[in-house]
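These notes are about the structure you will find just below.
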Amino acid sequence: MNSSLSEYLGWLRSIEKKWQKVWREQRVFEANPDPGKPKFFITVPYPYTNAPLHIGHGRTYTIGDIIARYKRLKGFNVLYPMAFHITGTPIIAISEMIARGDPKTLSRYESYIRMYVSDEERVKEILESFKDPYKLAEFFAENVHVDFEALGYSIDWRRRFHTGEPLYNRFVTWQYLKLAEKGLLSRGSHYVTYCLLHKQPEGEDDIEDADVNPVEIIEYTGVKFRLPGGEGVLIAATLRPETIYGATNLWVNPEARYVRFKMEGETLITSHKAFIKLQHQHPETRLELLEEFPGSMLLGKRAKSPLGVEVPILPAWFVDPDLGTGVVYSEPSDAPYDYIALMDLKRDKGLLAKYDLDPSIVDSINPIKIIEVPGVSGHYAQAIVESMGVRDQFDPKLEDATSIVYKEEFYKGYMIVEDPLVKGKPVREAREIIKRKLLESGDAISFLELNRKARCRAGGEIIVAKIVDQWFLDYTSPQLKKTLTDYIDKKLIVKPEKYKKAFIDSINWLEKRPCARKRGIGTRLPFDQEWIIESLSDSTIYMAFYTIVHKLREKGVSPDSLKPSLFDYVFLGVGERDKVAAETGLNPGFLEELRREFEYWYPVDLRHTSTPHISNHLSFYLIHHAVIFPEKYWPRAISLNEPVIREGAKMSKSKGNVINLRDIAEKYSADLFRLYIAWAANLDTVLDWRDRDVSSTAELMQKFTRIILDVIEGRCVSTGEDVVSRWFKSKFYKSVKAGEEALENLQVREYVQNVFFNIMNLVDRYRDIRGSTPCDIRSVVADWLRVLNPVIPHLTEELWSIMGGKTLLSTDHWPVDVEKYFDETAEVLVDEVEGVVEDVKSIVEAVKKNPREIYVVVASEWKRKVVELAEKGFELRDVIRELSKEIGPGKEKLIAEVYRAWRAGGVRREVTGIPVDLEVKALRDLSEYLGRKTGARIEVLLEEEAESRKIPKAEKSLPGKPGIYIVFEGQG
RNA sequence: GCGGGGGUGCCCGAGCUAGGUCAAAGGGGUCGGGCUUAGGACCCGAUGGCGUAGGCCUGCGUGGGUUCAAAUCCCACCCCCCGCACCA
């Protein structure tokens, strides 16, 4: 194994394919109920198949697989199933864009297909087929399956399905009947982002750039300004209704289109755009369009504010007819736009004359101060406009000016108007008070608008619309919340534990959630066929479906047989077998078999996924289980991991830095990926994929492989059984044990750290002590391969077979009885030797001379007695009295020194059990190593011998910590 | 704004829910040595400062506090990241 790294990786990839084939052909991971064996049912949410998966997904599935493989080695009957998610709108949206010939989508999907298909003809054909969303979904499902297999996941593929299948639809239908039965479904209206082109609600996924620049719905207050003589009511939309006290005039854009329309008996005036928006916000009300006219027609008229103040309508070009209502009231004291627009009119009288208005009309208009902000004197808008040097109402600096004033006043401003309603109140409170009052008195209407202009990916305008009779999942029941939060708090295992609170918060935060739409792939609501169940809501208890789906297929059961009564019987044990059999046309024995499958596998022992799922999918998963199933079938444990970034940056299509799972199998290696991903970060940490670290991991794997092969093929030196070999095995099995404990706690990184990195370091130390590779490493190789099998299953399987394993390692067992190798004595003694090396180095560094001879002096037997007595709790003087009886007087000072060293923690407790001659022997056995490390001749002496030879420092020796005397070069 | 998580040595990253055995695991990088025709790989060593004998000092965002003892506990402050719904 002296090949280059790339040759090594090529070899790895080849054995990976080989073992994947063996596992597949021998159906190693197909799991069937075995009443004699404990079961372990682990699931990871199925992926959404609209594109290839990347290494972030791979992290989650790999961790799931490591745990599945570990549990299998621990003797569990493990079921790890997988399916594919295709319901919802994104797949349809992509199909539509491909059908429409959107160049970006076409080229992206073409490149995706090329990842799996080399024949250019076929690529074109497949791309063409993507106009059918099911074809697209099935293509990626098929290839994600291929990718998963290439990573060595131990999945029972017989249970694979996708969520667009009729069989699955029947299951979801049953689920919704149950949810309705339990009172979880309700209807009501609510506001959504809505596309005028598609005439459909469209969310973040469908809106251009919404992933980077989110679209929010915000509420404006449409304040009514009444024209005299019933001529109409202008709706002036504002985010700051508290400024109504300072309103001096109205602004309309003279060049925009305005309309007059009837709504609930009132004649209203807004921009034409706003009229359309209002229509969508009031779908149950008829809005009658009366007249359309340019804004200039409104100029010069006077309208009365809700406060009874009459103000003129003036022209302003900054007014956007597509924002709010196209009518705004002017409050020049606090709004920079209003202030500058007023100044523009005062400065350029021609602007008004153009519309036949008397320019003097603006002379009497002046800002009215209504808000005080500490540190700001005069009118805030004026101050900021002047300090920023704003030229006119077209100056882009106005945006910044507005947001500064807005923020400052919100946090620090308070009202200085006379109205007792708000007098002295902070702006943020006054705003709410005024808004409520205006709405209640009918002096304002609510107007919903987006925080920014938005278009759908096909270019359609997005507005806010109200959806009536929307279906909701209603999670508001306090009793339900309590049941769940108690369960999560007391019974559900969450790893890492710090996420537990997030679950409880999430359950408490959930209210009503829309669960159906009129568009997308999915299952129709059983009681309202117009609606399609939304895709997160149809994927909450499907783990139950895994337990029987392969049986349904085996028997060729038709979807029509999957009546609700069948699921009632299989999943809930409700109903009579024979009646259900008659109703479904299925054999009663088969029904029992399905029931047994479910009863054996359920509940889910562990669901592993990534943290963004906590507040949605995982919460629904818990709630729906709690609502539908008895408690014994509720989820047992949930584990989570954070996402993956690359070289410090988020992976994204736009940056082009995504590493797809496909690349792993072809350019890296499955085992390398698994090892790196498991080791590179704790579950609760974002994993930063760094190529530099990946290749050093590969180098370590190669080194590991070389060591194993050297040992099993005899390129090693034989050594006898001695203190070092006992030390090696003890350390080795302690790491195994630590790795096991870590995995039991789902600390995957800690496990890899122990069984791979720490053992590699241990082997290095062992080889260093021996001076070459010792053959007795062989005695632990089998166990080493066993414990590494969950992370690097292919390589360990290969090495296992090379060393003569007749059965598959993946179905072998985890090491047992490892404690019998623990050997404290050997560890203490070898640590002592290494301690001597360390001490010598420290001395040499301080003295800055080269050592020639080193005397290593082992402490006298009586010093051990000091420690023994001290350990028993003897005071110093009692120790002295006790010992003097044995060794005679004259040693009091030395006894005191040993005692003090012990109290300072300088003596390991374990040494008291180790005879002095063992200590001497260990040091003598290892004196070759000591000499090699220190570059000096070593002589090991007992303290008494050293004393008689007058070796200095002899008296400094302590049990387990020899005295050291160094003769340096050039010294006598 | 509300809620959650975090700031550790040149870099990444453990440890911090049970305070001492932590100058602080592991990996990367850098430097020195070995091996080699050379490079790579591999092996050994160094990588806060000081020290003529195995030791001492300074240190884990900032500033306080509790304690015989704090990276670990408490308080305040600064900074960073994530979620906030109808979307998978």
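In the text below, chain A, chain B and the rest are named by the order of the sequence lines, each starting its count at 1.
- Nucleic acid contact for A:Glu642: none, since no nucleic acid atom lies under 4.0 Å from a heavy atom of the residue.
- Contacts of A:Arg692 with the nucleic acid, taken as non-hydrogen atoms under 4.0 Å apart, involve only primed sugar atoms and P, OP1 or OP2.
- Atom CG of A:Asp469 and atom CD of A:Glu530 lie 9.5 Å apart (nearest 0.5 Å).
- Comparing the same atom, C1', in B:G7 and in B:G13 gives a spacing of 13 Å after rounding to whole Å.
- Residue-level contact check: A:Glu845 touches the bases, meaning some heavy atom is under 4.0 Å from a base atom.
- Side-chain N/O atoms of A:Thr60 and A:Thr609 include no donor and acceptor closer than 3.5 Å.
- Contacts of A:His85 with the nucleic acid, taken as non-hydrogen atoms under 4.0 Å apart, involve only primed sugar atoms and P, OP1 or OP2.
- Comparing the P positions of B:U47 and B:G20 gives a spacing of 24 Å, expressed to the nearest Å.
- When the C1' atom is compared between B:G4 and B:U62, the two are found 23 Å apart, to the nearest whole Å.
- A:Asp684 comes within 4.0 angstrom of no nucleic acid atom, judged by non-hydrogen atoms across all strands.
- Taking the charged nitrogens against the carboxylate oxygens, A:Lys863 and A:Glu943 do have a contact shorter than 4.0 Å, which makes a salt bridge.
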In dot-bracket notation, what is the pairing pattern of RNA chain B, taking Watson-Crick (N1-N3 plus N6-O4 or O6-N4) and G-U wobble (N1-O2 and O6-N3) contacts under 3.5 Å, with [ ] crossing and | for other strands? ((((((((.[[[..)....(.....]]]((((((.......))))))(((....)))...[[[[[..)....]]]]])))))))....
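- With P as the reference atom, B:C43 and B:G28 are 10 Å apart, rounded to whole Å.
- Among the atoms of the strands shown, none is found under 4.0 Å from any heavy atom of A:Ser539.
- Within 4.0 Å of A:Asn761, counting heavy atoms only, lie sugar-phosphate atoms of the nucleic acid but no base atom.
- Rounded to whole Å, the C1' atom of B:G65 lies 12 Å from the corresponding atom of B:A70.
- A salt bridge does not link A:Glu834 to A:Lys933: none of the charged side-chain nitrogens sits closer than 4.0 Å to a carboxylate oxygen.
- For the residue pair A:Gln470 and A:Trp531, no side-chain donor N or O sits within less than 3.5 Å of a side-chain acceptor on the partner.
- Spacing of C1' atoms, B:C73 relative to B:G15, comes out at 16 Å, to the nearest Å.
- Heavy atoms of A:Lys933 sit under 4.0 angstrom from primed sugar atoms or phosphate atoms, though from no base atom.
- On the P atoms, B:C10 is 37 Å away from B:C2, given to the nearest whole Å.
- A donor-acceptor pair shorter than 3.5 Å can be found between the side chains of A:Glu853 and A:Tyr855.
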